[in-house]
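Worksheet: the structure to be examined is printed underneath.
Only heavy atoms go into these numbers, but all of them, side chains included; no hydrogens, no water, no symmetry mates.
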Amino acid sequence: MRPVVWSRTALDDALEILRYVAADDPNAAERMIEAIEAAGNRLGMMATGRPGRVVGTYEKSVMRLPYVIAYAVEAAEGEERIVILRVIHTARNWPSGNWPQ
């Protein structure tokens, strides 16, 4: 299994999701974040997904939720690891910028 690392930006995305949903339903927010975390962490076992819209990335849809996990596979200390870069709602415009980093 490859290690999975969440970038600061991805953690900020998850926190934003949590806050937004929790304003209406804290229990639903907790379940959503748990599902997003589980989907991201499963990428360490099998990195599935489609090529990303940003060169060098991949995208994995979160099952039954309107979110996409953007990630990269990178070499670190002689082995590969999965780096979760962003968690993005499918209705939002894809964020611009030069990521991954």
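- A distance of 10.0 Å separates CE of Met32 from CG of Asp25, quoted to the nearest 0.5 Å.
- In this structure, CD on Glu37 lies 8.5 Å from CG on Leu11, to the nearest 0.5 angstrom.
- Two different hydrophobic clusters hold Met45 and Val83 under the rule that ILVMFWY side chains link at heavy-atom gaps under 4.5 Å.
- Nearest heavy-atom pair, Glu30 versus Leu18, reported as atom, atom and distance to 0.1 Å: N-CD1, 4.2 Å.
- Side-chain contact between Arg50 and Tyr58: absent, with no pair of heavy atoms (C-beta onward) separated by less than 4.5 Å.
- The environment of Met46 atom CE is sparse: at most 12 non-hydrogen atoms of other residues, nucleotides or ligands sit within 6.0 angstrom.
- Annotation: side chain of Leu15 is in contact with side chain of Arg19 (closest heavy-atom distance under 4.5 Å).
- Using a 4.5 Å heavy-atom cutoff, the side chains of Pro3 and Glu80 are not in contact.
- Looking at Leu43 and Tyr71, their side chains come closer than 4.5 Å, going by heavy atoms from C-beta outward.
- Evaluated for a side-chain contact (heavy atoms from CB on, under 4.5 Å) with Asn41, the options Ile84, Ile82, Val4 yield exactly one hit, Val4.
- Atoms OH and OG1, on Tyr67 and Thr90 in that order, are 8.5 Å from each other to the nearest 0.5 Å.
- Leu65 and Ala35 make their closest contact through CD1-CB, 3.8 Å (heavy atoms, listed as atom of the first residue, atom of the second, distance).
- With rounding to the nearest 0.5 angstrom, the CD1 atom of Ile36 is 12.5 Å from the CZ atom of Arg31.
- We find the CG-CD distance between Asp12 and Glu16 to be 8.5 Å, quoted to the nearest 0.5 Å.
- Taking CD from Glu59 and CG from Leu85, the interatomic distance works out to 10.5 Å, rounded to the nearest 0.5 Å.
- When all heavy atoms of Ala22 and Ala29 are compared, the closest pair comes out as N-CB, 3.5 Å.
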Step by step, would you call Val68 with Lys60 a side chain to side chain contact (heavy atoms under 4.5 Å, CB included)? CA-CA 6 Å; Val68 172; Lys60 177 68 176 171; over 6 Å; no

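- Side-chain contact between Arg2 and Val73 is present, with at least one heavy-atom pair separated by less than 4.5 Å.
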